[in-house]
Amino acid sequence: MATPPNSNMSPAEKAKAFDMAQLEMEYRVDLYNAMTASCFAKCMDTRYKEGDLNVGENSCVDRCAAKYWQVTGIVGQMLGGMQQQQQQPR
Amino acid sequence: MNPADLEGLPEEDKQKMVSMIDNMQMKDSLRMYNRLVEKCFKDCVDSFRRKNLDSNEERCVTKCCEKFLKHSARVSVRFAELNAGAEAMMQQQVLQQQQKGG
């Protein structure tokens with residue numbers, strides 16, 4: 001997403017790029033963890049009869065991940081739109 | 001961000017990025033450990049008449065861990081696919097915009 005630090009940047013720009021890269025990585029890690037937790041809660045049988053995922057659970061996880069991603073996209077768009085509205089002069 | 005982004009960097013910057021990534025992975029592993037313990041405890045342990053886990057609870061916790069780890073692995077595969085798909089789409093959009101402007 002953001003421009004990674006590169007050798008053409010001034011030290012100040014590079015420092016900022018590092019910070020952005022770190023922020024972005026943390027965001028992705030959080031996103032992955034939230035997706036994992038949500039889809040586990042939605043798809044897994046908590047009786048834990050088996051250590052393996054059955055076919056139903058596998059499909060559920062795949063679809064859950066896809067839907068979660070779509071929700072992330074929609075929320076991103078809505079937040080972006082709202083921010084634009086707030087920044088426009090009244 | 002993928003490993004290829006780090007290629008063009010001077011050594012010192014690359015080291016900085018690598019150590020940042022290592023640090024985050026460490027932190028994330030520790031967090032996952034705690035989360036997994038909490039989850040399996042919540043789902044598997046209900047009675048407190050005895051001090052030790054009985055064999056059912058032990059089996060439940062073991063299966064809970066196995067299941068979660070397998071689930072995590074599957075989600076990470078899908079996550080990588082979705083990520084790659086989104087990046088490809090973005091690159092396509094950038095290309096289209098360039099073609100329009102050019």
Side-chain angles (χ1 to χ4, degrees), chain A residues 1-9 11 13-15 17-55 57-73 76, chain B residues 1-14 16-17 19-29 31-32 35-36 38-40 42-44 56-83 85-87 89-90:
Chain A
M1 267 202 283
T3 318
N6 63 48
S7 29
N8 294 333
M9 292 179 173
E13 287 174 329
K14 215 194 278 189
F18 271 124
D19 287 342
M20 291 305 290
Q22 183 167 9
L23 263 175
E24 188 185 326
M25 266 196 274
E26 282 179 358
Y27 162 72
R28 280 196 197 278
V29 168
D30 278 344
L31 174 58
Y32 165 73
N33 285 332
M35 185 191 283
T36 305
S38 294
C39 291
F40 192 85
K42 298 254 180 214
C43 291
M44 297 297 143
D45 178 6
T46 55
R47 286 170 299 182
Y48 302 122
K49 293 211 178 113
E50 278 297 319
D52 281 313
L53 279 67
N54 64 41
V55 174
E57 286 169 333
N58 272 335
S59 314
C60 180
V61 168
D62 293 346
R63 293 174 198 145
C64 177
K67 279 194 165 176
Y68 198 95
W69 192 261
Q70 287 173 30
V71 170
T72 305
Chain B
M1 280 228 46
N2 55 49
D5 288 340
L6 297 178
E7 282 308 302
L9 289 179
E11 194 54 36
E12 159 197 347
D13 292 343
K14 209 194 283 197
K16 195 172 166 192
M17 291 296 281
S19 93
M20 177 164 66
I21 292 173
D22 280 346
N23 206 2
M24 292 188 65
Q25 282 187 336
M26 182 72 133
K27 233 199 286 187
D28 192 54
S29 297
R31 276 203 205 123
M32 189 195 65
R35 239 182 289 126
L36 185 52
E38 200 181 349
K39 175 130 200 81
C40 296
K42 206 176 358 171
D43 288 345
C44 290
N56 282 333
E57 290 171 328
E58 233 184 271
R59 197 181 322 130
C60 177
V61 167
T62 307
K63 298 229 161 90
C64 170
C65 288
E66 274 178 35
K67 208 160 196 183
F68 187 85
L69 291 171
K70 289 186 181 145
H71 164 78
S72 272
R74 195 178 183 96
V75 173
S76 76
V77 169
R78 297 292 168 239
F79 189 76
E81 286 170 4
L82 290 162
N83 240 348
E87 268 188 38
M89 216 167 56
M90 257 187 5

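To find a chain, count down the sequence lines: A is the first, B the second, and so on, and within it residues start at 1.
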Nearest heavy atoms of Ala21(A) and Met17(B), plus distance in Å: CB-CE, 3.9 Å
Residues, nucleotides or ligands: over 12 heavy atoms within 6.0 Å of Arg35(B) CZ: yes
Check: Tyr32(A) side chain, Ser72(B) main-chain N or O, donor-acceptor pair, under 3.5 Å: yes
Side chains of Asn83(B) and Arg28(A): do they bring a donor and an acceptor to under 3.5 Å? yes
Taking the side chain as everything from C-beta on, heavy atoms only, tell me whether Val61(B) gets closer than 4.5 Å to Tyr48(A). no
Does Lys63(B) have any salt bridge (Lys or Arg N to Asp or Glu O under 4.0 Å) partners at least two apart in sequence or in another chain, and if so, which? none
Under the criterion side chain to side chain contact (heavy atoms under 4.5 Å, CB included), I'd like the reasoning laid out for Met35(A) against Arg78(B): C-alpha separation, chi angles, the key distance, then a yes or no. CA-CA 10 Å; Met35(A) 185 191 283; Arg78(B) 297 292 168 239; 5.9 Å; no
Between Lys67(B) and Glu50(A), the two heavy atoms sitting closest are CD-O, 3.7 Å
What part of Cys40(B) is in contact with chain A, defined as an atom under 4.5 angstrom from a non-hydrogen atom: side chain, backbone, both or neither? neither
Give a yes or no on whether the backbone of Leu53(A) and the side-chain of His71(B) come within a donor-acceptor separation of less than 3.5 Å. no
Could Asp52(A) and Lys70(B) be called an ion pair, given the rule that one side-chain N must be under 4.0 Å from one carboxylate O? yes
Which atoms of Thr62(B) approach chain A - backbone, side chain, both or neither, heavy atom under 4.5 Å: neither
Can you confirm whether Lys14(B) is buried at NZ, in the sense that more than 12 heavy atoms of other residues, nucleotides or ligands lie under 6.0 Å from that atom? yes
Does any heavy atom of chain B fall under 4.5 Å from the side chain of Gln22(A), the backbone, both, or neither of them? both
Structural part of Lys49(A) lying under 4.5 Å from a heavy atom of chain B: backbone
Decide yes or no on side chain to side chain contact (heavy atoms under 4.5 Å, CB included) for Thr36(A) and Phe68(B), but give the supporting numbers first. CA-CA 9 Å; Thr36(A) 305; Phe68(B) 187 85; 3.9 Å; yes
Need one label for Glu26(A): side chain, backbone, both or neither, based on atoms under 4.5 Å from any heavy atom in chain B. both
Within 45° of the axis and under 6.0 Å from the centre of the six-membered ring of Phe40(A), does NZ or CZ of Lys39(B) qualify? no
For Asn54(A), is it the side chain, the backbone, both, or neither that has a heavy atom closer than 4.5 Å to a heavy atom of chain B? neither
Run the salt-bridge test on Asp62(A) and Arg74(B) with the 4.0 Å N-O cut-off and return the result as yes or no. yes
Interface moiety of Asp13(B) toward chain A, non-hydrogen atoms closer than 4.5 Å: both
Winner by heavy-atom pair count (cut-off under 4.5 Å) against chain B, out of Val29(A), Asn33(A), Leu31(A), Asp30(A): Asn33(A)
